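As the structure lists them, so they are numbered: ligands from 1, and atoms in each ligand from 1. Computed from a prediction, not measured in an experiment: that's the story for all the values here. Only heavy atoms go into these numbers, but all of them, side chains included; no hydrogens, no water, no symmetry mates.
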Amino acid sequence: MWTRPRRAARREGQSMLAEPMPDEPKGETPDLSAVLPMTAEVRGGRLFIGGVDMTDLARERGTALYVMDEEHMRNQMREYVRWTAYHWEDVEVLYAAKAFTSVAMLQILDEEGLSLLTASGGELAVALAAGFPAERIYMHGNNKTPQELEEAVDAGVHRIIADSLEELERLSAIAVARGVEQPVLVRVTPGIQPSTHSYIQTGQNDSKFGFGMNHGLAMEGVKRALELPGIALKGLHMHIGSQIFALQSYAKAIEVVVGFVEEIRRETGYTVEELDTGGGLGIAYGLPDEPSTIEQYGKVIVDGIKEEVERHDLPVPKMMVEPGRSMVANAGVTLYTVGTIKEVPEIRTYVAVDGGMTDNIRPALYDAGYECLIANKADRPRTEVVTIAGKHCETGDLIARDVELQRVDVGDVLCVCATGAYCRSMASNYNSQVRPAVVFVRDGEARTVVRRETYDDLLSCELRLDGTPVA
Ligand code: LLP
């Protein structure tokens, strides 16, 4: 591990790859492997991912830049399949597109044989454009528009996850008009509150998502789904939240939901065939974080369901899990160039980079924390404590507050770890900032899979007052 950092004075005008100053505090090279992609390594003092030199990549392709380790993503996909199938043969792994989507990403997902959870017509459109097979696509969302429901039915998605009575009625009418039967899962909220940020808890009673189980709404939803023409009820869905460390929350939710499966059988005679337990497995953002492994998660979910159905003398259902973050978060880093360094005496040092809340809204939105290192000084100890600021017009536009970092200079390439999930997908054009490119790295090769936006892209939807397009 490393030594505790102390505030060190910034050196002006030090060259980027200069040797450590003679008075630089001695420390150990930081071991950031817990938060970095699996292929990350230090060669000649520089950070490499997927065999690619991050410093060179940043200089060649520009910053801010999202970099994703292809091997890491594929590894996570295989781990999920492996550790769920290990406990039960009939488990389908759906990747939650919202964590990070691009056509190339979906091509990888397809190659690996996984399924896909979409949350909007837009995510569905991207998936179809990527050639992702509709029979492995699911769609959820608490207020899918009639148009989105039509698009999903017309595409022939495998399952639509119904969230409300109104939606069931709408979907029924759409399916009947087309003369088809749409297979559906009913989303229930099991009344479990996992310990995570309140903005990303979803399974509690006070939630906008799904059919609540405490006032009979869930039973009403199931009965309606069984009666309505054009709807083929296949089972239940739940998702209790995101960035969950305590697997106990899943075990409790499963206990509640399987109890409900038994109630459904008693009241309606229908036996649930499929049970989708959602996503939510937490990941390490900081070095002290100790998330559960996919192996532990697989066991809790699959064995939990098996034990509970056995207790109620029910058949084992087909199971689905929907990981997003844990598939991609640690596969990704964001590279920035350090532009200015502002020391506020006795308070803190702001290191400003060429991105910020437009490419990573999570610190502003959830007070999320990140580990950082300087890609071109990767073998040096992190001896300073600084605050990484973005370039946008908001005081809250910070990427990382009071974090350990190597002695920093203007022009350094800053690497922010574990940004593969919910950064690119939540990026915005605030301040008319162009969104960064996404580069996949593997075996020494760097492939741009989403190009950087241009000012023309920013203008592409604009019309003048007389209605003529600008671009
Ligand atoms: N299934 C459903 C129904 C979901 O709503 C979500 C995430 C997932 C699966 C995937 O959950 P994951 O495995 O990624 O935790 N923007 C927030 C996270 C919001 C999660 C929304 N739903 C963040 O940046 O932390």
Side-chain angles (χ1 to χ4, degrees), residues 73 76-77 79-80 84 92-101 105 109 114-120 123 137-144 159-164 185-190 192 194-204 207-211 236-247 249-250 253 257 275-286 289 291-294 297-298 301 319-332 334 357 359-370 399 416 418-428:
M73 291 191 283
Q76 298 304 95
M77 293 174 195
E79 284 281 287
Y80 264 104
T84 50
E92 192 171 344
V93 179
L94 285 52
Y95 168 63
K98 69 192 79 181
F100 166 74
T101 324
M105 165 66 186
L109 194 73
L114 276 75
S115 298
L116 181 69
L117 175 71
T118 58
S120 68
E123 284 185 359
I137 298 180
Y138 291 57
M139 185 190 265
H140 84 106
N142 72 301
N143 183 24
K144 302 172 212 55
R159 300 283 180 264
I160 292 181
I161 298 160
D163 223 85
S164 66
L185 303 177
V186 163
R187 177 170 181 169
V188 297
T189 43
I192 301 294
S195 58
T196 184
H197 194 291
S198 64
Y199 288 9
I200 50 178
Q201 290 172 342
T202 47
Q204 70 278 20
S207 166
K208 70 169 182 166
F209 298 104
F211 292 87
L236 300 180
H237 171 280
M238 67 172 180
H239 171 72
I240 56 174
S242 200
Q243 184 61 359
I244 294 171
F245 278 35
L247 295 180
S249 308
Y250 288 106
V257 169
L275 187 53
D276 183 334
T277 51
L281 179 62
I283 64 111
Y285 282 103
D289 293 343
S292 302
T293 61
I294 294 172
Y297 168 85
I301 299 288
M319 303 177 197
M320 286 83 90
V321 291
E322 304 173 344
R325 187 191 319 266
S326 50
M327 210 76 106
V328 290
N330 293 110
T334 311
M357 65 192 295
D359 58 74
N360 185 355
I361 190 68
R362 299 192 71 260
L365 198 54
Y366 314 116
D367 214 7
Y370 287 92
I399 296 282
V416 179
T419 58
Y422 301 114
C423 289
R424 158 77 202 174
S425 60
M426 295 176 82
S428 77

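No side-chain donor-acceptor contact under 3.5 Å links K98 to the backbone of S120. The backbone N or O of V328 lies less than 3.5 Å from no partner atom in the side chain of Q76, so there is not a single donor-acceptor pair. With T419 contributing its side chain and T334 its backbone, the two residues share a donor-acceptor pair below 3.5 Å. Between the side chain of T189 and the backbone N or O of F211, at least one donor-acceptor pair lies under 3.5 Å. No donor-acceptor distance shorter than 3.5 angstrom exists from the side chain of Y297 to the backbone of G282, with no hydrogens or angles considered. The closest donor-acceptor contact from the side chain of N330 to the backbone of A418 lies at 3.5 Å or more, if one exists at all.
Interface of P323 with ligand 1, defined as ligand atoms under 4.0 Å from a residue heavy atom, comprises 13 (O). Interface of R187 with ligand 1, defined as ligand atoms under 4.0 Å from a residue heavy atom, comprises 3 (C). For ligand 1, the atoms lying closer than 4.0 Å to a non-hydrogen atom of A96 are 8 (C), 9 (C), 10 (C). Near R325, meaning under 4.0 Å from any of its heavy atoms, are these atoms of ligand 1: 12 (P), 13 (O), 14 (O), 18 (C), 23 (C), 25 (O). Below 4.0 Å from some heavy atom of L117 lie the following atoms of ligand 1, by number and element: 1 (N), 2 (C), 9 (C).
Taking any N or O of S326, backbone or side chain, none lies under 3.5 Å from an N or O belonging to ligand 1. The shortest N or O to N or O distance between G324 and ligand 1 is below 3.5 Å.
The closest approach between G280 and ligand 1 falls below 4.0 Å for a heavy atom of the residue. For the ligand labelled ligand 1, residue A99 lies outside the 4.0 Å heavy-atom shell.
Checking H237 against E322 by side-chain atom types alone, a donor-acceptor pair falls below 3.5 Å. Between Q243 and Y422, the side chains place no donor N or O within less than 3.5 Å of an acceptor N or O (distance only, hydrogens not considered).
Of the listed residues (M320, E322, M327), the one carrying the non-hydrogen atom nearest atom 9 (C) of ligand 1 is E322. Among M238, H239, H140, the residue whose heavy atom lies nearest to atom 6 (C) of ligand 1 is H239.
Only the side chain of Y366 comes within 4.0 Å of ligand 1, judged by heavy-atom distances.
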